[in-house]
Amino acid sequence: MGDKTLTRMDLSEAVFREVGLSRNESAQLVESVLQHVSDALSGGETVKISSFGTFSVRDKAARIGRNPKTGDEVPIHPRRVLTFRPSHLMKDRVAAGNGH
Amino acid sequence: MIRSELIEKIAGENPHLYQRDVEKIVNTIFEEIIEALARGDRVELRGFGAFSVKKRDARVGRNPRTGEAVQVEEKAVPFFKTGKLLRDRLNGKEA
């Protein structure tokens, strides 16, 4: 298994290599893609990228939580969480690439 | 929002780029993430979130239709953890 961590820089490097824009513009475009996905999700929209996966926003109800260290009860407020569901293609490629 | 709508938005903001280049840019970004995970690497996008690979142990599963026990092999699955900034934005806290 690899143990590298890729960042925005690696994604912009790939755009630079594949599309042939300047490094600076490639970096801006990566940022703008992430920004548009974030904006849609923040507005409560589902983002579905075919053959990659689906990001969706779910509402979680309020509940009583517990501080695991002290055992104290603490209220957990209702909140929105993001879930990512990988596509079949992504699941298959990740499984195959990691020796399964 | 779907992939083609994302492409349209980026194209709208970048009238100097060919549509096919915008498609290539968006596709390259998602493809690069899948390739990294397929190698067992992580992709960490500060503020947005991090993609990683989690190992699921082998287990005995059950065919839900027949109730029959089946051996499920160990496998690697993609995982996404939302970044703090995005999690806050979802809850109306603009940084």
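Each chain gets a letter, A, B and so on, in the order the sequences are listed, and its residues count up from 1.
- Counting all heavy atoms, side chain and backbone alike, B:Leu90 lies closest to A:Leu41 at CD2-O, 3.4 Å.
- When B:Glu35, B:Glu74, B:Glu5 are compared by the number of non-hydrogen pairs under 4.5 Å with chain A, B:Glu74 comes out ahead.
- Neither the backbone nor the side chain of B:Glu73 comes within less than 4.5 Å of any heavy atom in chain A.
- If you tally non-hydrogen atom pairs under 4.5 Å between each of B:Ala38, B:Ser4, B:Ala50 and chain A, the highest count goes to B:Ala38.
- The part of B:Leu86 that comes within reach of chain A is its side chain, from C-beta onward, which places non-hydrogen atoms under 4.5 angstrom from that chain.
- No continuous path of ILVMFWY side-chain contacts below 4.5 Å connects A:Leu6 to A:Phe16, so the two sit in separate hydrophobic clusters.
- Here the straight-line distance linking atom CD1 of B:Ile2 with atom CD1 of A:Ile49 works out to 8.5 Å at 0.5 Å rounding.
- The most heavy-atom pairs under 4.5 Å with chain B, out of A:Pro86, A:Ala40, A:Ala95, A:Ser38, come from A:Ser38.
- Only the backbone of A:Thr46 has a heavy atom closer than 4.5 Å to any heavy atom of chain B.
- The distance from atom CD1 of B:Ile29 to atom CZ of A:Arg8, rounded to the nearest 0.5 Å, is 10.5 Å.
- If you measure heavy-atom distances from B:Arg46 to chain A, the contacts under 4.5 Å come from both the backbone and the side chain.
- Note: B:Arg87 CZ to A:Arg80 CZ = 15.0 Å, rounded to the nearest 0.5 Å.
- With a 4.5 angstrom heavy-atom cutoff, B:Leu17 touches chain A only via side-chain atoms.
- For a residue to count as touching a neighbouring chain, one of its non-hydrogen atoms must lie under 4.5 Å from one of that chain's; by this rule B:Leu6 touches chain A with the side chain only.
- The CZ atom of B:Phe80 sits 5.5 Å away from the CG atom of A:Leu82 when rounded to the nearest 0.5 Å.
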Item to check | Derivation and outcome, side-chain contact (heavy atoms from CB on, under 4.5 Å), residues A:Phe55 and B:Thr82 | outcome: CA-CA 10 Å; A:Phe55 297 92; B:Thr82 313; over 6 Å; no

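- Here the side chains of A:Val30 and B:Glu32 are not in contact, with every heavy-atom distance at 4.5 Å or above.
- Between the side chain of B:Arg3 and the backbone N or O of A:Ser50 there is at least one donor-acceptor pair closer than 3.5 Å.
- Considering only heavy atoms from C-beta on, B:Ile33 comes within 4.5 Å of A:Leu11 through its side chain.
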Next on the checklist: What verdict does the side-chain contact (heavy atoms from CB on, under 4.5 Å) test give for B:Ile10 and A:His36, after you've listed the backbone C-alpha separation in whole Å, the side-chain angles of each residue and the deciding distance to 0.1 Å?
Outcome noted: CA-CA 8 Å; B:Ile10 305 289; A:His36 278 294; 3.5 Å; yes

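- For chain A, the nearby part of B:Asn91 is the side chain; its heavy atoms alone come within less than 4.5 Å.
- Annotation: the span from A:Ser87 atom OG to B:Ile34 atom CD1 amounts to 5.5 Å, rounded to 0.5 Å.
- Contacts between B:Phe79 and chain A at a heavy-atom distance below 4.5 Å are absent for every atom of the residue.
- Using cut-offs of 30° and 60° on the angle between ring planes, the pair A:Phe52 and B:Phe30 is tilted.
- In this structure, chain B has heavy atoms under 4.5 Å from both the backbone and the side chain of A:Ser51.
- The two residues A:Lys4 and B:Asp41 make their nearest non-hydrogen contact at N-OD1, 3.1 Å.
- Contacts between B:Asn27 and chain A at a heavy-atom distance below 4.5 Å are absent for every atom of the residue.
- In this structure, A:Asn98 contributes its side chain and B:Val77 its backbone to no donor-acceptor pair below 3.5 Å.
- Of the two parts of A:Val37, the backbone and the side chain both hold a non-hydrogen atom closer than 4.5 Å to a non-hydrogen atom of chain B.
- The number of heavy atoms from other shown groups lying within 6.0 Å of NZ (B:Lys75) does not exceed 12.
- A distance of 7.0 Å separates NE2 of B:His16 from CG of A:Leu21, quoted to the nearest 0.5 Å.
- Residue contact with chain A, scored on non-hydrogen atoms closer than 4.5 Å, involves the side chain of B:Glu13 exclusively.
- Counting heavy-atom pairs closer than 4.5 Å to chain B, the top-ranked of the candidates A:Arg17, A:Glu45, A:Met90 is A:Met90.
- Counting only heavy atoms from C-beta outward, the side chains of B:Pro78 and A:Arg93 never approach each other to under 4.5 Å.
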